[in-house]
Amino acid sequence: MTTKEAKRQRFWNGIAIVLYGVLLPLCCLLMIVGETIPYPLLLFWFALPYIEQSGMEYARRKEVKR
């Protein structure tokens, strides 16, 4: 893995930690209290692995062109 790919992977890992480790439990607590379900955020949680995969593939293809 090149250094740019490693940086990109660290970025995606950081995003995943914030979304799944901080926002998901916070939203679950808010739903228990009686707030509305955050549908756009819920959709993003399910889409994040696919977004990450396409971003990493794009970075790999860009590196191969060089």
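Keep in mind it's a predicted model, so treat the numbers as computed, not measured.
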Hydrophobic cluster identity match, L48 and F46, side-chain contacts under 4.5 Å = yes
Distance col, row F11:CZ vs M56:CE, nearest 0.5 angstrom, shows 11.5 Å
Please list every donor-acceptor pair under 3.5 Å in which a side-chain atom of residues 13-29 meets a protein atom from a residue at least two apart or in another chain.
unit_1 : atom_1 : unit_2 : atom_2 : d
N13    : OD1    : Q9     : NE2    : 3.2
N13    : ND2    : Q9     : O      : 3.4
Y20    : OH     : W45    : O      : 2.5

Heavy atoms only: give me the nearest R8-G55 pair and the separation to one decimal.
-> NH1-O, 3.7 Å
